Amino acid sequence: MVSNSRTALRLLVCAAAAAIVYALVKNYVLDPQAAEFLGHKPESSLPDNGGAWLIVLYIHIAAACLATLSGLLGFLPRTRRTAAALRFHRWNGYVYLTSIIIICISSGYMAPYATGGKWTSIPFNLLNIFWPAITIFAIRSARKRRLANHKRGMIRSYAFCFNNLTLHIFTTLFYSGFGLDYTLGYTIALYVNIAFLLAAGEIVIRMLKIPKDQRRA
């Protein structure tokens with residue numbers, strides 16, 4: 001259990017660092033105008049106000065990076081060992097939740113312009129409801145001292161912090177690897193990605209052997 005936890009934590013740090021660096025470099029350095037992403041969109045999916053859409057995208061990416069970082073800090077054992085550390089852990093959890101809410105609100109703004117039309121905007125909007133919901137449930141579990149349920153819920157929630165990175169990987173696979181039309185490849189990638197992140201959370205929970213309704217951390 002301890003060995004599995006340490007290995008999972010090391011992998012998590014590497015994955016979080018990769019997701020943050022990828023998001024910052026791709027969106028703020030290599031393509032700050034999102035020209036490549038917009039270039040693949042059909043005319044019907046282009047935003048009416050490109051300037052406002054770009055600002056919302058910047059906010060979305062910044063909030064995603066903050067959620068990835070704060071979520072990672074929440075998994076570090078040292079944030080729960082003393083009273084002061086526990087207070088930091090709690091406030092960090094609220095920062096994480098706030099970041100997710102900002103992500104989902106900004107995603108809701110961009111969803112009508114999603115590549116693939118309603119076939120992608122609907123799952124995006126459902127995810128914008130589901131992600132905050134499971135995060136709030138995890139926080140409520142902690143407040144009720146149901147710490148195992150809290151851990152399980154936070155693992156499920158944190159998996160979606162990698163949505164941008166893994167969605168890009170799957171899109172590249174279907175578009176460049178399988179040669180599908182970009183819109184079709186992106187649409188398939190979105191559904192595959194959601195299923196993958198849901199499964200990833202459950203796999204980690206089982207790998208760490210976290211039971212239900214355990215009262216102590």
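These numbers were taken from a predicted model, which means no experiment stands behind them.
Both Leu72 and Met207 belong to a common hydrophobic cluster when Ile, Leu, Val, Met, Phe, Trp and Tyr are linked at side-chain heavy-atom distances under 4.5 angstrom. Neither Tyr191 nor Leu173 shares a network with the other; the hydrophobic side chains, linked directly or stepwise wherever heavy atoms of I, L, V, M, F, W or Y lie under 4.5 Å apart, form separate groups for each. Side-chain heavy atoms closer than 4.5 Å link hydrophobic residues (I, L, V, M, F, W, Y) into clusters, and following such links, even through other members, never connects Ile101 to Phe124. When the side chains of ILVMFWY residues are joined at heavy-atom separations under 4.5 Å, either directly or via intervening members, Leu12 and Ile134 end up in a single hydrophobic cluster. In this structure, Ile102 is not a member of the same hydrophobic cluster as Leu57, with clusters built from ILVMFWY side-chain heavy atoms closer than 4.5 Å.
Tested against His168, the residues Leu165, Thr172, Thr171 include a single side chain to side chain contact (heavy atoms under 4.5 Å, CB included) partner, Thr172.
Atom CG in Asn163 sits 7.0 Å away from atom CD1 in Ile194 (nearest 0.5 Å). With rounding to the nearest 0.5 Å, the separation of OG1 in Thr187 from CG in Leu180 is 10.5 Å. To the nearest 0.5 Å, the span separating OH on Tyr158 from OG1 on Thr68 amounts to 5.0 Å. To the nearest 0.5 Å, the span separating CG on Leu97 from OG1 on Thr135 amounts to 6.5 Å. Between the CG atom in Leu69 and the CG atom in Leu73 there is a gap of 5.0 Å [rounded to 0.5 Å]. Distance CG/Asn92 to CG/Leu86: 11.5 Å, rounded to 0.5 Å.
Looking only at distances, a side-chain donor or acceptor of Asn27 sits under 3.5 Å from a matching main-chain atom of Ala23. Between the Lys41 side chain and the Tyr113 main chain, a donor and an acceptor come within less than 3.5 Å of each other. Side-chain N or O atoms of Tyr58 include none that pairs as donor or acceptor with a backbone N or O of Tyr28 at under 3.5 Å. Put simply, the side chain of Asn149 never gets that close to the backbone of Ser141: no donor and acceptor are under 3.5 Å apart.
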Does Leu167 form a side chain to side chain contact (heavy atoms under 4.5 Å, CB included) with Asn164? I'd like the steps, not just the answer.
CA-CA 5 Å; Leu167 177 57; Asn164 181 51; 5.9 Å; no
Assess whether side chain to side chain contact (heavy atoms under 4.5 Å, CB included) is satisfied between Leu24 and Val29, documenting all intermediate values.
CA-CA 7 Å; Leu24 293 177; Val29 179; over 6 Å; no
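A 4.5 Å side-chain heavy-atom check between Ile139 and Tyr94 finds at least one atom pair inside the cut-off. In this structure, Val192 and Phe174 have side chains that are in contact, with non-hydrogen atoms separated by less than 4.5 Å. In this structure, Phe160 and Ile100 have side chains that are not in contact, with every pair of non-hydrogen atoms separated by 4.5 Å or more. In this structure the side chain of Ile210 never reaches within 4.5 angstrom of the side chain of Val204, judged on heavy atoms. When side chains are defined from C-beta on, Glu202 counts as touching Arg156, because their heavy atoms get closer than 4.5 Å. In this structure, Phe75 and Ile155 have side chains that are in contact, with non-hydrogen atoms separated by less than 4.5 Å. By the 4.5 Å heavy-atom criterion applied to side chains, Tyr22 and Ile169 are not counted as neighbours. Annotation: side chain of Trp53 is not in contact with side chain of Asn49 (no heavy-atom distance under 4.5 Å).
In plain terms, the two heavy atoms of Ala114 and Thr120 that are nearest each other are CB-OG1, 3.4 Å. For the residue pair Ile20 and Cys65, the shortest heavy atom distance occurs at CD1-O, 3.9 Å. Here the shortest heavy-atom pairing between Cys104 and Trp131 reads SG-CE3, 4.1 Å. Minimum heavy-atom separation, Ser106 to Ile103: OG-O, 2.8 Å. Residues Tyr96 and Ala67 approach most closely at CD1-O, 3.3 Å, considering heavy atoms. A pairwise comparison of heavy atoms in Arg152 and Pro211 identifies CD-O, 3.6 Å as the closest pair.
The aromatic ring centroids of His40 and Tyr186 lie 6.0 Å or more from each other.
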